[in-house]
Amino acid sequence: MYQHTNDNQKFNSIADIFLVVALILLIAFIGKLSQLFSTMRFGGVMNVLMIMFVVGACYFIYRRRLCSYRYTIFYEQPPEGELDEFGKQLTQPYPLGSILFERMTGGRGKLYEGVAAYDFVALMAPGKKYSEKIGFLNYSKITVYSVKTAHTLIFRRKGKLYGIYFHPNEEFVACMAKSPLDLTNA
């Protein structure tokens, strides 16, 4: 099993302090604007628009700063003799080659998508397109970075094609190559 966390590396503790100070100043400024708008005709409409702006800004900050994604691949069985808490041989909970995509928020993960190894169709390198002229039912963006620089995992479920954009590191791609199935059709 190998795990890779895809998070926004641009932020650090100093940037977080500036972000908090900027949010406090923004809230104070919006409070003053709200007082100004309350004396004007149709000022309530402007207050509603400001609230919508604040909610949108908070959502943007939440998505950019607090959300990340973790990718897990099960590419080999645990070594012989490694035991679980009940004294039995430790086994992987998913078929070999399967990938789990989790959405991380504040250190807690929630399973976003699980793709079994037998569902894989292709792994496309960034910038490459899938050769078949078949439309996809759904694309999922499971990365904090741009889709243009993302790998694309194409898989089939119940006869329909799906695609997932994600940013694995080189070691993750190497683990995919070590998997019992040929996953690197890129």
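Since the model is a prediction, treat every value here as computed from it, not as a measurement.
Ion pairing of Arg157 with Glu113 is present here, as a side-chain N (NZ or NE/NH1/NH2) and a carboxylate O approach within less than 4.0 Å.
When side chains are defined from C-beta on, Ile154 counts as touching Met124, because their heavy atoms get closer than 4.5 Å. Side chains of Leu100 and Tyr71 form no contact here, defined as non-hydrogen atoms less than 4.5 Å apart. Under the 4.5 Å side-chain criterion, counting only non-hydrogen atoms from C-beta, Val48 is in contact with Met52. Side-chain contact between Thr72 and Phe74: present, with at least one pair of heavy atoms (C-beta onward) separated by less than 4.5 Å. Looking at Thr152 and Ile164, their side chains never come closer than 4.5 Å, going by heavy atoms from C-beta outward. Contact check for Phe166 versus Ser140: no side-chain heavy atoms found under the 4.5 Å cut-off. Side-chain contact between Met50 and Ser34 is present, with at least one heavy-atom pair separated by less than 4.5 Å. Under the 4.5 Å side-chain criterion, counting only non-hydrogen atoms from C-beta, His4 is not in contact with Arg70.
Under the 4.5 Å side-chain contact rule for hydrophobic residues, Leu36 and Val54 share a cluster. Cluster membership check: Tyr139 shares its hydrophobic cluster with Val147, using side-chain heavy-atom separations under 4.5 Å among Ile, Leu, Val, Met, Phe, Trp and Tyr. Clustering ILVMFWY residues whenever any of their side-chain heavy atoms sit less than 4.5 angstrom apart, transitively, puts Leu33 in the very cluster that holds Met46. Transitive grouping of hydrophobic side chains (ILVMFWY, heavy atoms separated by less than 4.5 Å) brings Met40 and Leu49 into a common cluster.
When all heavy atoms of Tyr112 and Ile142 are compared, the pair lying nearest together is CD2-CD1, 3.2 Å. Contact detail for Ala117 and Ser98: the closest heavy-atom pair is N-OG, 3.4 Å. Heavy-atom minimum distance, Tyr145 versus Lys141: O-CE, 3.2 Å. Annotation for Val144 and Ser68: closest pair CG1-CA, 4.2 Å, computed over non-hydrogen atoms.
A search for salt bridge (charged side-chain N to carboxylate O under 4.0 Å, His left out) contacts involving Arg103 returns nothing, not counting sequence neighbours.
Here the CE-NZ distance, from Met104 to Lys110, works out to 13.5 Å after rounding to the nearest 0.5 Å. Atom CG of Leu123 is separated from atom CD1 of Ile99 by 7.5 Å, given to the nearest 0.5 angstrom. Distance CD1/Ile73 to CD/Glu171: 11.5 Å, rounded to 0.5 Å. To the nearest 0.5 angstrom, Asn47 atom CG is 10.0 Å from Ile30 atom CD1. We find the CD-CD distance between Glu80 and Glu82 to be 10.5 Å, quoted to the nearest 0.5 Å. Atom CG of residue Leu111 and atom CD of residue Glu102 lie 6.0 Å apart, to the nearest 0.5 angstrom.
Applying the ring pair (Phe, Tyr, Trp, His ring centres under 6.0 Å) rule to pairs touching residues 13-41 yields nothing, sequence neighbours excluded.
The environment of Glu170 atom CD is sparse: at most 12 non-hydrogen atoms of other residues, nucleotides or ligands sit within 6.0 angstrom.
Between Phe101 and Tyr69, the gap from one ring centroid to the other reaches at least 6.0 Å.
Donor-acceptor pairing under 3.5 Å is recorded for the side chains of Tyr2 and Asn169.
A distance-only check finds no donor-acceptor pair linking the side chain of His151 to the backbone of Pro168 [under 3.5 Å].
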